[in-house]
Protein chains: 2
Amino acid sequence: MNMRRTTIKDVAEAAGVGVATVSRVLSGGSASPETRERVLTVAAQLDYRPSALGRNLRQRRSGGIGLLVPDITDSFYGRLADGVLACARSAGEPVILGTTGDDAEREAEEIAVLLEQGVDRVVAVPAGNGEIWEPTLRSGLTTVFAHRLAAGRQDVPAVLADDRAGVRTAVDYLTGLGHRRIAYLGGPGQDSRVSVFRQTLGALVDEELIVFARGSRDSAYAAAAGLFQHRPDLTAVLAGGNQLGEAAVLAARELDLRVPKDLSLIMFDDVPWAELCSPPLTVIAEPAQDIGYRAAELVLRAGGRRPRGALLPTELIVRGSCGPRRTQ
Amino acid sequence: MNMRRTTIKDVAEAAGVGVATVSRVLSGGSASPETRERVLTVAAQLDYRPSALGRNLRQRRSGGIGLLVPDITDSFYGRLADGVLACARSAGEPVILGTTGDDAEREAEEIAVLLEQGVDRVVAVPAGNGEIWEPTLRSGLTTVFAHRLAAGRQDVPAVLADDRAGVRTAVDYLTGLGHRRIAYLGGPGQDSRVSVFRQTLGALVDEELIVFARGSRDSAYAAAAGLFQHRPDLTAVLAGGNQLGEAAVLAARELDLRVPKDLSLIMFDDVPWAELCSPPLTVIAEPAQDIGYRAAELVLRAGGRRPRGALLPTELIVRGSCGPRRTQ
DNA sequence: CATGTTCATGGAAACGATTCCATCATGGTT
DNA sequence: AACCATGATGGAATCGTTTCCATGAACATG
């Protein structure tokens, strides 16, 4: 029952060589062909698997890569995580997952846990502002941001969707349909989008129509319902994420606003149910999984270097949730 | 730039005590009050954080808990993972996430990675049959299954939703509405449900109406479409998960089957979009997050003991996707 | 007073890998 | 033949903890 794991020492003894040699053979160092083969054979026979524990301690870093997302329940982050996992798996690296709830304090805690674990590579959707990351980055942790930047941290490589272009396309599409009073229903960390929203809308911008929800579903619903009740004159909404879109649909239904007759709706993030909705939702698709994969790739390939980030394309997928401005 | 982490040795020196004492103080061992306070003060001053690396090696186990789910993209497993994370966070434990794609081989690989990392506690939605877990369990890894059992492994504690009761309720509901040809659209690992399905349906059971998809969305769609085309006489479907439900709605729409007029649909797992669908979907809600939380709790509390599992209630939520049998 | 018991304490030995460094054999060059 | 370069090899140090054990002080009990 209580059999010890086989260690490198066992292999060394069984193969009649020193532990140093075994280590070298197994990690690709130099060794004579016959020694190499003998060691490999013995290792296979004993079903030897090097313990990450010993290695990590010696190398003062745990191999794994940390992943911090706001909410693993959100389809977008689920897909993003899936991309990270796919890349990590192909590299044989474990992934330590933490959720921040878009809360700076929780983010800091999760970072602390990761550091304690000796994780030295992190993919994160940053929640707090850049300062939180200061000591972390200084301590030599390779970080890649995904999906969004931390305020005031242009020095960290990031893999982003080109949502600025997405916003432009969406706004142009809506104004093209005749809409003038267009709302933006945003979530945490979408300042950059909103600035483009303002820019593109130009003279049409109406600050009252720009509202923000915190991360939760409840908050999203409250924001949407509040917006619709307070400003029944709006005719189109751009929802900044799938949970916000969901809230918008729900709130609209609750208030008997018909989509797209009374209200045109565009949602960021193409989720499977967007097609099942009635009407099917027009969306700006973001390559969530690619974002995750690329970010993981960057963080793995980074050999101490600071890699450049990436900007992935978004796509407006027109379905049935937008129509011409209602004439009332 | 290249400053070393502060170690326990630094703290010991600064406090004028031995490292053993520091370790004891920090991990709740016995020490004189004044020593304790001095050590704690110094540790706080130096911002000392014990390295998990050293501890893990010495204790021959990594603190973290492993989590294995088929697909983190699936809302159900997302919520399950969220539950595990919530529990782990309250215990300050990191979570290593792996996905199996419901594939036995991938599951084995992920287990190997976890073992290599020294993980000794795992929450898993088992994909393969029980044998895969044999060497793992034998090697002393505390395992708790979540959401389903591995075939032929009654010796592993499991946290399950009472989906057998769910199936019974759903079938009774459908037969009560007059349906006679009821299909089950299943996914991997749902044998137990199907056996209850057969049982409850009794003489009405029709083996051709029981079809299985593999884990992917494509496979689910193919199964649903195939079922509907091949047996246009069926009047009700029980979909074994949200992806299967999604596929059913999509396939029905494609084939111009109106829900619930031509086809009644009940889906396992209450996802947010079930309400947005038109008609809103009648579902059997499963407490995914609770399952994850409870499973993590079990795996954490288990002090070598083998805890008993849990069976969590399901609930039929009637919305609009079921109607009386069509009279053709 | 002698002896035993209970503490707090620190030195040192693990844990299992990697890696520095010294050693030794080999083979080629002068 | 003497010498050096090269490459394979194993011993030992190292990473940062925890934990075993010996020591010594303090105190109670005979």
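These numbers were taken from a predicted model, which means no experiment stands behind them. Protein chains get the first letters and strands the later ones, always in sequence-line order, with residue 1 at the start of each.
In this model, the phosphate group of C:dT9 is approached by a side-chain N or O of B:Ser32 to a distance below 4.0 Å at OP1 or OP2.
In this pair, A:His147 and A:Phe76 present their aromatic rings tilted. The plane angle is within the 30 to 60° band.
Backbone-only engagement by A:Gly16 is indicated by non-hydrogen atom pairs under 4.0 Å involving sugar-phosphate atoms exclusively. When heavy atoms are screened at a 4.0 angstrom cut-off, A:Leu57 is found touching base atoms of the nucleic acid. A:Gly18 comes within 4.0 angstrom of sugar-phosphate atoms only, judged by non-hydrogen atoms across all strands, and of no base. Among the heavy atoms of the strands lying under 4.0 Å from A:Ala31 are primed sugar atoms or P, OP1, OP2 only; no base atom is included. B:Ser51 comes within contact range of the sugar-phosphate backbone alone, with a heavy-atom separation under 4.0 Å but no base atom that close. Counting any heavy atom pair closer than 4.0 Å across all strands shown, B:Thr35 reaches sugar-phosphate atoms only and no base atom.
Remark: the A:Arg106 side chain and the A:Thr99 side chain contain an N/O donor-acceptor pair separated by less than 3.5 Å. For the residue pair B:Arg55/B:Ser51, the side-chain donor-acceptor check at 3.5 Å is not satisfied.
Here CG of B:Asp120 is found 12.0 Å from CZ of B:Arg60. Values are rounded to the nearest 0.5 Å.
Along DNA chain C, the nucleotide closest to A:Lys9 and the one closest to B:Arg38 are compared, and the more 5′ of them pairs with B:Arg38.
For A:Arg58 against C:dT18, a side-chain-to-base donor-acceptor contact under 3.5 Å is present.
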